[in-house]
Amino acid sequence: MRIATWNVNSIRSRIDRVEAFLQRHDIDVLAVQETKAKVDQLPLMGLESMGYEVAATGFSQWNGVALISRVGIEDVQVGFSEMPGFGDPLVSEARAIGAVCGGVRIWSLYVPNGRKVDDPHYAYKLDWLGRLRTAAQQWRDEPTALVGDWNIAPLDEDVFDIAQFKNSTHVTVPERAAFNAFLEDGYADVVRPHISGDAGYTYWDYYRQRFERNRGMRIDFVIGSPAFSDRVTGAFIDRDERDPALGKANGLGSPSDHAPVIVNLSD
DNA sequence: ATGGTTGATCGTCAA
């Protein structure tokens with residue numbers, strides 16, 4: 001089985017890329033983030049004709065997530081719980097959808113960005129991660145994968161220049177501690193052993209030709225329970241999908257600012 | 001400190 005995670009930055013504007021990606025890499029389950037679409041706006045026709053089923057959260061702004069699977073989608077669950085004091089519960093619940101696909105529980109996650117360390121959204125991010133951790137402890141003894149855009153760079157080598165991230169979100173001690181808590185609970189970063197340094201980047205800002213200069217970040221992860229991690233036989237990042245020049249040459253529009261992460265599992 | 005780019009939606013916010 002082959003699974004992937006990809007922050008697509010609008011599934012409607014990039015459905016051609018999504019369908020081509022699924023075919024090019026023979027993907028069984030794709031977790032997507034930042035769908036930027038309500039459920040009734042999802043472009044399903046092509047996906048269904050390719051044999052995929054879709055489960056998604058609905059939110060029209062920026063934080064919808066989805067699972068696209070051709071090995072079944074069972075026991076769908078959405079979100080974790082309301083975030084007291086942080087507006088509409090949809091804001092938190094639209095960030096996570098989980099289902100059993102091909103015998104594996106997969107969660108597509110869009111961890112809150114945090115914006116600035118003094119922004120209420122930063123505290124919301126840490127709180128949200130704490131709730132995710134509590135929920136994830138219940139699935140640790142099953143084949144489970146927590147995949148998506150974590151908006152955290154756990155190591156200094158996961159950003160192009162750690163000096164530029166002083167006082168910035170994504171690299172703070174509390175965010176890294178929140179990430180490491182999953183590893184302490186028995187989950188593992190199953191892609192780390194297959195990449196090194198700047199070859200592990202999954203995100204490059206649209207600004208300032210960050211991709212062309214390889215000034216990126218590693219913030220998209222596949223975190224597996226022991227029963228999941230034991231089945232991982234390989235992993236890679238499809239950096240070509242982020243290449244604006246390659247996309248243009250292939251007649252495609254602008255890429256997402258994130259590249260897909262692909263993981264192979266033994267049967 | 002600022003600016004640069006993209007998407008949803010159509011002035012402005014979020015990333």
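Just so you know, these numbers come straight off a predicted model, no measurement behind them. Each chain gets a letter, A, B and so on, in the order the sequences are listed, and its residues count up from 1. Atom set for the values below is all heavy atoms of this structure, side chains included, hydrogens, waters and symmetry mates excluded.
Between the side chain of A/Tyr207 and the base of B/dA15, at least one donor-acceptor pair of N or O atoms lies under 3.5 Å.
Judged by distance alone, the side chain of A/Thr202 and the main-chain N or O of A/Arg218 form no donor-acceptor pair under 3.5 Å.
If you check B/dT6, B/dT2, B/dA15 against the side chain of A/Arg208, the one that comes closest is B/dT2. The nucleotide whose nearest atom lies closest to any side-chain atom of A/Glu34 is, among B/dA15, B/dA8, B/dT6, B/dA15.
There is no side-chain donor-acceptor pair under 3.5 Å between A/Ser254 and A/Tyr206.
Taking the ring centroids of A/Phe236 and A/His25, they lie under the 6.0 Å cut-off.
Distance A/Asp220 CG to B/dA15 P: 15 Å, rounded to the nearest Å. Remark: C1' of B/dT5 and CD of A/Gln209 are 11 Å apart, rounded to the nearest angstrom. At whole-Å resolution of the value, CG in A/Asn9 and C1' in B/dA8 are 10 Å apart. Distance, A/Asn151 CG to B/dA14 P: 15 Å, rounded to whole Å. One interatomic measurement links the two molecules: CD of A/Gln33 to C1' of B/dA14, which rounds to 16 Å at whole-angstrom precision. Rounded to a whole Å, the CZ atom of A/Arg210 is 13 Å from the P atom of B/dG4. Summarising the geometry, the separation between CE on A/Met217 and C1' on B/dA15 is reported as 12 Å, rounded to the nearest angstrom. At whole-Å resolution of the value, NZ in A/Lys166 and P in B/dA1 are 12 Å apart.
The side-chain contact (heavy atoms from CB on, under 4.5 Å) search around A/Arg105 returns A/Asp75, A/Gln77, A/Val100, A/Trp107, A/Trp139, A/Thr144, not counting sequence neighbours.
Comparing A/His258 and A/Pro255 by the nucleotide of DNA chain B whose heavy atom lies nearest to each, the residue mapping closer to the 5' end is A/Pro255. Between A/Asp149 and A/Arg14, the residue anchored nearer the 5' end of DNA chain B, judged by the nucleotide with its closest heavy atom, is A/Arg14.
In this structure, A/Arg176 does not pair ionically with A/Asp158, as no charged nitrogen and carboxylate oxygen lie closer than 4.0 Å.
For B/dT9, the OP1/OP2 oxygens have a side-chain nitrogen or oxygen of A/Arg12 closer than 4.0 Å. Note on A/Ser254: a side-chain N or O is less than 4.0 Å away from OP1 or OP2 of B/dG7. Applying the 4.0 Å criterion to OP1 and OP2 of B/dA14, one finds that A/Arg115 has a side-chain N or O inside that range.
Only the C1' atoms considered, B/dG4 is 13 Å distant from B/dA15, to the nearest whole Å. With C1' as the reference atom, B/dG11 and B/dG7 are 14 Å apart, rounded to whole Å. With both ends at atom P, the span from B/dT9 to B/dT5 equals 23 Å, rounded to whole Å. Separating the P atom of B/dT2 from that of B/dT6 is a span of 23 Å, rounded to the nearest Å.
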